[in-house]
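To start, the structure under review is shown below, and the notes come after it.
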2 protein chains.
Amino acid sequence: MVSRKQHGQISDCPIALGLDSIGDHWSLLIVRDLLFGKHEFREFLDSDESISSNILTDRLGKLQEQGIVAWRYHPDSRKRKLYYLTCKGKDLIHVLVPLVRWALKYHGDEARIPPAQQAALASGPEGFIQATLAALEDWESAFEVDTKDAATRV
Amino acid sequence: MVSRKQHGQISDCPIALGLDSIGDHWSLLIVRDLLFGKHEFREFLDSDESISSNILTDRLGKLQEQGIVAWRYHPDSRKRKLYYLTCKGKDLIHVLVPLVRWALKYHGDEARIPPAQQAALASGPEGFIQATLAALEDWESAFEVDTKDAATRV
DNA sequence: CACTATACTTGCATTATGAAAGTAAAACCT
DNA sequence: AGGTTTTACTTTCATAATGCAAGTATAGTG
């Protein structure tokens with residue numbers, strides 16, 4: 001195990017509490033992948049940011065501990081796991097979208113958005129959120145996961 | 001100098017770019033302090049999270065490099081610096097507020113909010129943002145800082 | 001001109017990170 | 001059935017970031 005504490009519950013400020021959950025370099029990027037259609041270990045490894053497998057394992061574990069991520073076996077194979085966001089995890093879209101808007105406003109020249117999201121984004125922040133969550137719900141019913149139960153399967 | 005690169009520009013995803021600016025344990029907490037009336041080195045040191053002075057120096061430097069924070073001397077003394085948020089920095093309130101809402105929703109039992117913010121928060125997210133920014137602007141005109149110029153004074 | 005306050009810096013021990021290689025179990029392939 | 005491949009991790013080890021304590025430089029104070 002690489003590590004188990006993040007920042008270590010240093011204050012009762014909600015911002016500090018929030019950062020304690022997702023305020024590291026990788027957690028929000030994994031949440032992003034999960035929001036936009038990636039669900040397997042290998043898919044996260046293959047993202048542009050090229051996370052190491054040990055860090056990915058660690059962060060997936062922490063996100064599960066916090067009830068942000070859960071998983072089930074792939075229906076076709078017990079050697080594949082399908083990770084997905086719980087309600088708590090999906091709610092982070094309301095943090096991610098303002099972050100994207102800020103980054104586009106001030107670093108828009110360096111930023112590039114995958115074509116798949118371009119269209120949804122054109123409909124404004126609210127439309128983008130609705131479209132993204134609707135796509136996730138399609139996936140959830142296709143794979144029969146219920147994001148109401150935040151329980152971690154071990 | 002403790003460090004100069006954060007994550008190191010690993011992809012052109014706006015989320016990764018945003019995290020590169022503020023995705024560490026301390027930067028957003030400093031921005032929070034600056035949003036809510038703290039302006040001096042010692043005040044940041046005295047926050048509940050008890051940041052180390054070397055880390056504080058480092059992060060203030062990085063935030064200045066990125067045009068999120070600037071400073072001027074205290075009118076009463078050239079040995080005191082007054083740090084303040086640029087427009088780019090103040091805009092992060094639109095990221096912080098959703099983060100607070102998320103944390104309150106899922107960690108509300110552990111969270112505690114200073115009385116000063118309780119009232120403003122009661123008027124809803126938009127009212128809170130307006131009240132916070134209005135208070136900042138009062139400070140800015142009292143100390144004659146112009147947050148339109150993001151230039152770093154050295 | 002000593003004394004204090006502010007804003008850092010430095011040194012050093014501890015902890016986190018990252019790249020590469022290794023492993024265990026399931027599935028697939030003659 | 002037995003070897004190979006795939007998936008999801010673990011382990012190892014070098015490097016980088018962090019955190020505490022102590023030190024320094026400069027401005028202002030008595």
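Numbered from 1 within each chain, the chains take letters A, B, ... in sequence-line order.
- At whole-Å resolution of the value, CD in E49(B) and P in dC20(D) are 13 Å apart.
- Closest contact between the side chain of R80(A) and the listed nucleotides dT9(C), dA7(C), dT7(D) involves dT7(D).
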Walk me through it: do R59(B) and L56(B) pass the test side chain to side chain contact (heavy atoms under 4.5 Å, CB included)? CA-CA 5 Å; R59(B) 293 307 188 279; L56(B) 177 55; 5.6 Å; no
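- If you measure from atom CG of L56(A) to atom P of dA16(C), you get 18 Å, rounded to the nearest angstrom.
- Taking atom CG on D24(B) and atom C1' on dG19(D), their separation rounds to 14 Å, with Å as the unit.
- Comparing dG18(C), dA7(C), dG28(D) against the side chain of S77(B) picks out dG28(D) as the nearest.
- In this model, no side-chain donor or acceptor of T57(B) finds a partner on the base of dT9(C) within 3.5 Å.
- The R59(A) side chain lies nearest to dT17(C) when the options are dT17(C), dA8(D), dT6(C).
- The CG-C1' distance, from D76(A) to dT6(D), rounds to 14 Å in whole Å.
- Residues S50(A) and K79(A) each lie close to DNA chain C; by heavy-atom proximity, the contact nearer the 5' end of the strand is made by S50(A).
- Taking every side-chain heavy atom of S52(B) into account, dC20(D) is the closest of dT5(D), dC20(D), dA22(D).
- Atoms CG (D58(A)) and P (dT15(C)) sit 15 Å apart, rounded to a whole Å.
- Judged by distance alone, the side chains of N54(A) and T57(A) never bring a donor and an acceptor atom under 3.5 Å apart.
- For N54(B), the side-chain atoms get nearest to dG11(C) when compared with the rest of dG18(C), dT4(C), dG11(C).
- When rounded to the nearest whole Å, the span between CG of L19(B) and P of dT17(C) equals 14 Å.
- Ion pairing between a basic and an acidic side chain is recognised when a charged N comes within 4.0 Å of a carboxylate O; E40(A) and K81(A) show no such pairing.
- Residues W139(B) and H39(B) place their aromatic rings such that the two centres sit under 6.0 Å apart.
- Taking atom CG of L60(B) as the reference point, atom P of dT6(C) lies 16 Å away to the nearest angstrom.
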The test is side chain to side chain donor-acceptor pair (under 3.5 Å); show your working for H107(B) and K88(A) and say whether it passes. CA-CA 11 Å; H107(B) 300 271; K88(A) 182 178 177 183; 3.2 Å; yes
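- Listed pair W26(B) / dT18(D) fails the phosphate criterion, with no side-chain N or O lying under 4.0 Å from OP1 or OP2.
- Here dT29(D) presents its P atom at 14 Å from CZ of R78(B), a figure rounded to the nearest Å.
- Where S53(A) and E40(B) meet DNA chain C, the nucleotide closest to each residue was compared, and E40(B) sits on the side nearer the 5' end.
- Residue R42(B) has its side chain nearest to dA7(C) when only dT9(C), dA7(C), dA8(D) are considered.
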